[in-house]
Student: 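Can you read through this structure? Questions will come right after.
Per chain, numbering begins at 1; letters A, B, ... match sequence-line order. Hydrogens, waters and symmetry mates are skipped; everything else that's a heavy atom, side chains included, is used.
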Protein chains: 2
Amino acid sequence: MDQIDLKILSLMHENARIPMSEMSRTIAMSQPAVTERLRKLEEQGIITAYRAQLSPQKLGKHTTAFVLFRTSNCKDFVAFSEACPEIVDLYRISGEYNFLMKVLTETTESLGSFLDKCSPLGFSTTLIVLSTAFEDKSLVPSHEAE
Amino acid sequence: MDQIDLKILSLMHENARIPMSEMSRTIAMSQPAVTERLRKLEEQGIITAYRAQLSPQKLGKHTTAFVLFRTSNCKDFVAFSEACPEIVDLYRISGEYNFLMKVLTETTESLGSFLDKCSPLGFSTTLIVLSTAFEDKSLVPSHEAE
DNA sequence: GTTGAAAAAACAGAGGA
DNA sequence: TCCTCTGTTTTTTCAAC
């Protein structure tokens with residue numbers, strides 16, 4: 001893991017669909033060498049996936065919320081959450097609550113319906129997202145990767 | 001926006017580096033037609049980015065936390081957060097706190113240092129992530145896209 | 001890690017349902 | 001309008017070094 005690997009990670013975080021030929025030009029290294037480094041980064045589990053980022057708004061999801069949840073049956077709660085399309089992220093946390101989840105719904109009204117659906121499993125506190133200042137900041141600052 | 005577009009979004013969320021030729025085979029449509037649909041999905045802002053997902057653990061970030069923050073100077077706080085490498089996501093929220101942020105640090109100790117660094121700007125409550133049940137669930141359920 | 005040739009994929013234009 | 005077909009260019013893969 002050297003500066004070149006960090007540069008590859010940085011570029012792949014910016015645009016995962018960049019052609020390897022273009023990447024090799026940018027970092028001034030032959031294309032097969034870059035491809036081989038990328039393969040190793042995947043193999044080592046440093047790169048876990050390549051994902052298209054979708055706009056929730058454009059897909060009709062106009063409400064984002066974080067919901068803190070307290071339940072006594074963690075296993076059932078995780079199973080329920082996996083089957084719940086509204087829940088996009090689920091974290092087990094320390095403190096008064098067991099779980100923190102990120103929830104996307106069409107409207108505040110459908111968020112209400114979702115919370116009703118959850119209520120048999122425990123009790124919750126909802127934090128409505130007013131705006132997203134930023135998301136997915138790179139773990140590999142570009143100035144470190146030069 | 002029809003079933004084919006949803007299938008494209010679903011496949012791109014699973015693997016953003018899938019070759020267009022393979023995608024066109026999967027959905028049984030010619031490659032230029034799929035490319036054109038993808039171009040339009042990007043143009044409409046439905047696809048906002050393609051990102052490599054990196055493993056925080058493999059990059060030495062062993063501690064994940066959500067920090068609720070209350071500050072009276074939102075503008076300065078956002079500027080501070082943008083410059084803070086530990087903060088990967090920042091949301092403005094309703095309720096007792098102004099902000100919710102996702103924070104990645106090397107250890108619980110460096111999380112402590114980070115919180116010390118933030119303390120002049122307001123007051124906070126920290127939720128330590130014990131484990132991530134799941135993250136980035138698709139906004140386009142695959143069964144809807146068939 | 002580099003080079004260079006073969007295979008594959010992406011792109012761009014013409015034409016059809 | 002949206003798709004398919006086809007030829008051209010670009011990219012990827014894989015050999016040898």
Side-chain angles (χ1 to χ4, degrees), chain A residues 1-61 136 138-146, chain B residues 1-55 57-60 136 138-146:
Chain A
M1 174 64 71
D2 58 9
Q3 295 301 82
I4 294 171
D5 283 331
L6 292 175
K7 186 74 187 171
I8 291 171
L9 293 178
S10 176
L11 289 168
M12 284 306 244
H13 185 264
E14 275 173 37
N15 175 20
R17 281 185 71 77
I18 184 176
M20 297 307 285
S21 53
E22 191 182 329
M23 177 125 83
S24 67
R25 266 177 254 129
T26 308
I27 65 183
M29 179 182 272
S30 75
Q31 194 268 337
V34 175
T35 302
E36 180 59 14
R37 277 168 176 266
L38 188 66
R39 195 193 62 73
K40 282 183 182 159
L41 290 167
E42 292 168 1
E43 192 182 62
Q44 291 177 269
I46 293 169
I47 295 175
T48 57
Y50 300 100
R51 295 203 186 287
Q53 213 166 62
L54 309 183
S55 163
Q57 282 73 32
K58 295 283 167 71
L59 292 168
K61 309 288 188 181
D136 290 307
S138 179
L139 277 70
V140 184
S142 49
H143 63 278
E144 279 185 28
E146 275 162 19
Chain B
M1 172 65 69
D2 59 10
Q3 295 301 84
I4 293 170
D5 283 331
L6 291 174
K7 185 74 186 170
I8 291 171
L9 293 178
S10 176
L11 288 168
M12 283 307 244
H13 186 263
E14 275 173 37
N15 175 20
R17 282 185 71 78
I18 185 175
M20 297 307 285
S21 54
E22 191 182 328
M23 178 124 86
S24 69
R25 265 176 257 129
T26 308
I27 64 181
M29 181 181 269
S30 75
Q31 189 266 327
V34 175
T35 303
E36 180 59 15
R37 276 170 177 266
L38 189 66
R39 193 193 63 74
K40 280 183 184 160
L41 290 167
E42 292 168 1
E43 192 183 61
Q44 291 177 269
I46 294 170
I47 295 175
T48 57
Y50 300 101
R51 294 202 186 287
Q53 214 164 61
L54 309 183
S55 163
Q57 283 74 32
K58 296 283 167 70
L59 292 168
D136 291 307
S138 179
L139 276 69
V140 184
S142 48
H143 62 276
E144 279 185 28
E146 277 163 18

Student: Can you tell me the distance, in whole Å, between the CD atom of B:E36 and the C1' atom of D:dC3?
Tutor: 11 Å
Student: Given side chains that start at C-beta, do those of B:L38 and B:I47 come closer than 4.5 Å, heavy atoms only?
Tutor: yes
Student: Evaluate the side-chain contact (heavy atoms from CB on, under 4.5 Å) criterion for residues A:M23 and A:M12: first the C-alpha distance (whole Å), next the side-chain angles of each, then the deciding distance (0.1 Å), finally the verdict.
Tutor: CA-CA 9 Å; A:M23 177 125 83; A:M12 284 306 244; 3.9 Å; yes
Student: Ignoring the backbone of B:P32, work out which of C:dA12, C:dT2, D:dC3 is nearest its side chain.
Tutor: C:dA12
Student: Which nucleotide, C:dG4, C:dA10, C:dG1, lies nearest any side-chain atom of B:S21?
Tutor: C:dA10
Student: Which whole-number value in Å describes the distance from B:E42 CD to C:dA10 P?
Tutor: 13 Å
Student: Please pick, from C:dA9, C:dG4, D:dT12, the nucleotide with the shortest atom-to-atom distance to any side-chain atom of A:P19.
Tutor: D:dT12
Student: Should A:T35 be listed as having a side-chain N or O under 4.0 Å from OP1 or OP2 of D:dT12?
Tutor: no
Student: Using a strict threshold of under 4.0 Å (side-chain N to carboxylate O), is an ion pair present between A:E43 and A:K40?
Tutor: no
Student: Salt bridge check: are B:R37 and B:D2 linked by an N-O gap of less than 4.0 Å?
Tutor: yes
Student: If the cut-off is 4.0 Å, is B:R37 near the phosphate of D:dC2, judged by side-chain N/O to OP1 or OP2?
Tutor: no
Student: To the nearest angstrom, how far is A:I18 atom CD1 from C:dA10 atom P?
Tutor: 16 Å
Student: Nearest whole Å is fine: how far is C:dG1 P from A:K40 NZ?
Tutor: 8 Å
Student: Within this structure, what is the CG-CG distance for the pair A:L41 and B:L54, rounded to the nearest 0.5 Å?
Tutor: 9.0 Å
Student: Counting side-chain heavy atoms from CB outward, which of C:dA10, C:dT2, D:dT12 is closest to A:M20?
Tutor: D:dT12
Student: With heavy atoms under 4.0 Å as the rule, sort A:Q31 into base, sugar-phosphate or nothing.
Tutor: base
Student: With respect to the phosphate group of C:dC11, does any side-chain polar atom (N or O) of B:R39 fall under 4.0 Å of OP1 or OP2?
Tutor: no
Student: Closer to the 5' end of DNA chain C via nearest nucleotide, is it A:V34 or B:R25?
Tutor: A:V34
Student: Roughly, in whole Å, what's the span from CG in B:L38 to C1' in C:dA10?
Tutor: 12 Å
Student: Report which part of the nucleic acid A:S30 touches: base, sugar-phosphate, or nothing (heavy-atom distance under 4.0 Å, all strands).
Tutor: base
Student: I want to confirm an ordering. Mapping B:D2 and B:R17 to their closest nucleotides on DNA chain D, which one lands closer to the 5' end?
Tutor: B:D2
